[in-house]
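Take a look at the structure set out below.
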Amino acid sequence: MSIYETLNPEQQKGVFTTEGPVLILAGAGSGKTRVLTHRVAYLIQQKGVAPYNIMAITFTNKAAGEMRERIDDMIGFGAERIWVSTFHSSCVRILRQFADRLGYDNRFTIYDSDDQKSLMKDICKRLEIDTKIHKEKAFLSVISSAKDELISPEEFAQSAVGDFDKTRQAEVYREYQARLKANNAMDFDDLIMKTVELLKYDTEVRNYYQERFHYIMVDEYQDTNTAQFELVRLLASGRENLCVVGDDDQSIYKFRGANIYNILNFEKHYPNATVIKLEQNYRSTGNILNAANGVIANNVGRKAKRLWTQADEGEKIYFEQFESAYEEADYIAKDIAKRVRKGEYAYGDCAVLYRTNAQSRLLEERLLLSGIPYKIVGGVNFYGRKEIKDLLSYLKVVDNAQDDLAVQRIINVPKRGIGATSMSKAADYAYMNGMQLFEALEQVENIPTMGRAAAKIIPFVELIYQFRRVAANEGVSALLQHIIDATGYVEELRVEGTDEAKARIENIDELLSKVVTYEQENEEPTLSGFLEEVALVADIDSLDENASYVVLMTLHSAKGLEFPNVYLAGMEDGLFPSYMSITADNSDEEIEEERRLCYVGITRAKEHLSITGARMRMVRGETQYHGISRFVKEIPEELLQGSTWEPKPRDERMFSNPAPTKTSMKATPLAAQTYQAKNFGTKIQKNSLDYGEGDRVKHIKFGEGTVVQINDGGRDFEVTVEFDTAGRKKMFASFAKLQKV
DNA sequence: GGTTTGAAACTTTTT
DNA sequence: GTTTCAAACC
């Protein structure tokens, strides 16, 4: 029996239709990855296509890795010659080869959003723009959108004529781009845009890649932006053996420039396209699927389709609205613990999904208290940590002397007595003479305004020279170790001795082992190669599905994943859909995007789905009151169990408005449902302390300790605790949430 | 030049 | 509730 017989007829069609443009509309859980991997196998085994001629593009490294692994299993030898990678790494690979044709050095640096922000800050200073009025972030977002649409600084300036604000943006954009180039750096958007430029204007390069890639496949096509569309179009032009897979109902990255019309209008771009719909779902139970269908049916402007399954109805969806976010988190933690205890699920089968990263804190607290192993995806990226960025900046300076930003970052880390004044003198001198910062530092004795600081700068320059000599003779890991030793970075942390410093050292150790892994896994490890790999990883890439912990993440991060037991937390109007989307000018569109996000969330669940919300929740230190998310009300009622959204008896002192009934809620304008009340619910129960001086207590972060002193601070008690490991801390009783042991 | 302190902004989502 | 950033102080 051939491997293709296990596929359903539509999936087979997707595999066997190899020539010409193909659009596969693949609903959630319809086996699109199976189709893509089988398609690759079919091309190689049945059509005799060389692996070398096949390209598959995804959005995350994780997706690319999984696809590569599955293809490896199917065809074995030769699979490594296929290009399976993300948009960004594909582009870097092309640019490392040909960036010199655009006037860059092929060893360019990749700037992350932190780097972008520092650069922008500097530019605003140079252009004398008051960042109190015009935010750096606003400029960056304008520039990013322009790049997504392939609008160059020059074109932007032309379209800005007569518009004062836009003219200023154009100037910033031009300067920003000039500085990136001077620093021999590209931001994320540049990676795509510059590759498109290269393919568009350099016939030789275009021909080279068009000759190379005979068959191109793109995953998650609904999330491509204009630049990515153009990139794919250029690579595929000629043969046009282009197969795109996507689901318009799962398009959730509009804010990042994703153009939903890329998928909706695919048949217009390619009139001879074959369109295949995968509507059979192999993931979820009937109830979960019907809930998802019920919600998404409220969107207009989508391709008609309806997912179905052969699976049983399964359990009903559990829904409950809690009084506070605290109780909600408590319920989720207890429910997970209960199900694991009963042997129903392992920790690794459970995922908690939410709209915003900020929601993770409460959940984390409860899980920690219940002793449930968990992992939070997103939030602070490993490579975003200070100590990691510092060390990476050393590597960057060694690799690319033009990277002013990296020089700026490390010149006084660890402290060398080179302060802001000296650095701005050096930066001004470099700016005046059209040289890079490091060049200016190399000839610091020529900087007239520089006084005694010069004596401190010379050893720094020498240090970098020394690192370069090491880099020339030894591997990346040896270089990094040398940098750590020579700068005394870890030593300084060790002397500090605090828990935070210890955590930093651990992170640095992890960085070292990542370098070693990189060296082992690559045939030709290089410093640039390592830095590139580091720049392009996303947090989700590190997720291991077989691990035994509960996963907490945003709905966005959850796309493409599946779990037997899923919790959708914070299903409240004003949080999800977000207040921003409800009040936006184009509210209808924004709400539809949120609804797609909800659809993504529901369809992550295989067997069991719990939907929860809270009436009361702290947002930015302010207590807010929310009604139940409108999306919950779009789920057919017969699919739900648990408490429905009938209002519960409520505390009259807290709510002066009459409780909305089920029918009146639908009619009530939103503003009435989502109101804020300052200082409500934050009153402290002053007599509620169940511990006293001398008692043993437990704190979430600091562990156990002894209460030394309790002071009546008026509105709250101020408690001093001597912790066994963390030392003496003073804290307010209402915040510390100490527990008597 | 470095450290401390207080105010202000922040949160929608990220390759 | 947390983080970031500037001013004031050492």
Side-chain angles (χ1 to χ4, degrees), chain A residues 57-64 85-92 110-114 116-117 121 131-132 135-137 140-141 144 147-148 187-192 220 223-225 227-228 251-258 325 353-362 365 377-381 383-384 386 412 414-424 451-453 456 535-541 553-560 570 574-584 590-591 593-594 596-598 600-601 617-624 682 732 734-737:
Chain A
I57 311 177
T58 62
F59 270 85
T60 64
N61 294 299
K62 186 174 187 299
S85 56
T86 65
F87 270 103
H88 294 271
S89 28
S90 301
C91 287
V92 172
I110 300 165
Y111 276 3
D112 67 14
S113 46
D114 275 351
Q116 288 179 285
K117 220 177 147 194
K121 212 174 153 187
T131 51
K132 286 254 159 58
K135 292 277 183 300
E136 292 100 326
K137 261 177 82 179
L140 284 170
S141 120
S144 177
K147 288 180 176 179
D148 287 345
D187 63 21
F188 285 131
D189 302 315
D190 277 342
L191 296 178
I192 314 283
E220 306 281 12
D223 288 328
T224 53
N225 61 32
Q228 287 160 337
S251 163
I252 53 172
Y253 282 112
K254 190 164 137 259
F255 70 93
R256 214 173 62 194
L353 311 180
Y354 38 78
R355 180 66 181 83
T356 68
N357 275 309
Q359 286 167 256
S360 66
R361 193 176 315 261
L362 260 182
E365 215 170 83
V377 176
V380 206
N381 188 308
Y383 295 104
K386 191 168 77 185
N412 203 27
K415 303 262 184 308
R416 298 188 175 87
I418 307 169
T421 324
S422 308
M423 280 318 283
S424 88
R452 277 168 300 174
K456 295 167 180 166
L536 297 177
V537 295
D539 209 40
I540 191 77
D541 296 334
M553 65 186 132
T554 63
L555 289 153
H556 281 89
S557 302
K559 197 183 64 168
L575 187 65
F576 186 36
S578 73
Y579 188 70
M580 302 275 272
S581 65
I582 296 166
T583 52
E590 302 266 320
I591 296 276
E593 171 118 346
E594 299 271 306
R596 288 193 290 270
L597 194 53
C598 180
V600 167
R617 164 183 310 274
M618 284 276 260
V619 180
R620 280 193 259 162
E622 224 170 41
T623 307
Q624 292 189 356
T682 50
F732 282 110
S734 61
F735 296 125
K737 297 190 190 96

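Predicted model, so just to flag it, every value in this text is computed and none were measured. Per chain, numbering begins at 1; letters A, B, ... match sequence-line order.
If you check every strand for non-hydrogen atoms under 4.0 Å, A:F188 touches a base. Contact annotation for A:E594: base contact, defined as any heavy-atom pair under 4.0 Å involving a base atom. Across all strands shown, A:K62 has no heavy atoms under 4.0 Å from either base or sugar-phosphate atoms.
A stacked arrangement is assigned to A:F255 and the six-membered base ring of B:dT13, with a centre-to-centre distance below 5.5 Å and an interplanar angle below 30°.
The nearest whole Å value for the distance from the OH atom in A:Y579 to the P atom in B:dC10 is 16 Å. Atom-to-atom, CE of A:M618 to C1' of C:dT2 comes out at 12 Å; the value is rounded to the nearest Å. The CD1 atom of A:I192 sits 8 Å away from the C1' atom of B:dT15 (whole-angstrom rounding). In this structure, the CZ atom of A:R361 is 13 Å from the P atom of B:dT11, given to the nearest Å. The distance from atom CZ of A:R617 to atom C1' of B:dT11 is 13 Å, rounded to the nearest whole Å. Here the C1' atom of nucleotide B:dT11 and the CG atom of A:L555 are 15 Å apart, to the nearest Å. In this structure, A:L597 places its CG atom 10 Å from P of B:dT14, rounding to the nearest Å. Atom pair A:E136:CD and C:dA6:P shows a separation of 9 Å (rounding to whole Å applied).
Taking the ring-ring contact (aromatic ring centres under 6.0 Å, His included) definition, one finds that A:Y383 meets it with nothing, sequence neighbours left out. Remark: A:F576 engages A:F631 in a ring-ring contact (aromatic ring centres under 6.0 Å, His included) (not counting sequence neighbours). Residues that satisfy the side chain to side chain donor-acceptor pair (under 3.5 Å) test with A:N412, not counting sequence neighbours, are absent from this structure. For A:Y111, the ring-ring contact (aromatic ring centres under 6.0 Å, His included) test picks out no residue, with sequence neighbours left out. Partners of A:R617 according to the salt bridge (Lys or Arg N to Asp or Glu O under 4.0 Å) rule, which considers only residues two or more places apart in sequence or in another chain, are A:E328, A:E572.
Residues A:E593 and A:S581 form no side-chain contact, since every pair of their non-hydrogen atoms from C-beta on lies 4.5 Å or further apart. For the pair A:I57/A:Q228, no side-chain contact is recorded, criterion being any heavy-atom separation below 4.5 Å from C-beta on.
For C:dA6 and B:dT11, the C1' atoms lie 23 Å apart once the distance is rounded to whole Å.
Distances shown here put every side-chain N or O of A:K135 at or beyond 4.0 Å from the OP1 or OP2 atom of C:dT4. Look at A:N357 and you'll find a side-chain N or O under 4.0 angstrom from OP1 or OP2 of B:dT13.
The aromatic rings of A:F255 and A:H556 lie perpendicular to each other, with more than 60° between the two planes, well past the 30° mark.
Counting only heavy atoms from C-beta on, A:K117 has its side chain closest to C:dC5 among C:dC5, C:dT2, B:dT13. With B:dT14, C:dA6, B:dT11 as the choices, the nucleotide that has an atom nearest any side-chain atom of A:R620 turns out to be B:dT11. With C:dG1, B:dC10, B:dT14 as the candidates, the nucleotide lying closest to the side chain of A:S557 is B:dT14.
If you check distances only, the side chain of A:H88 does reach the base of B:dT15 with a donor-acceptor pair under 3.5 Å.
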Between the protein and nucleotides 1-7 of chain B, list the N/O to N/O atom pairs that are separated by less than 3.5 angstrom.
from	atom 1	to	atom 2	distance (Å)
B:dG1	OP1	A:S422	OG	3.1
B:dG1	OP2	A:T421	OG1	2.8
B:dG2	OP2	A:N412	ND2	3.3

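The nearest heavy atom of DNA chain B to A:M580 and to A:T60 marks one nucleotide each, and the one closer to the 5' end goes with A:M580.
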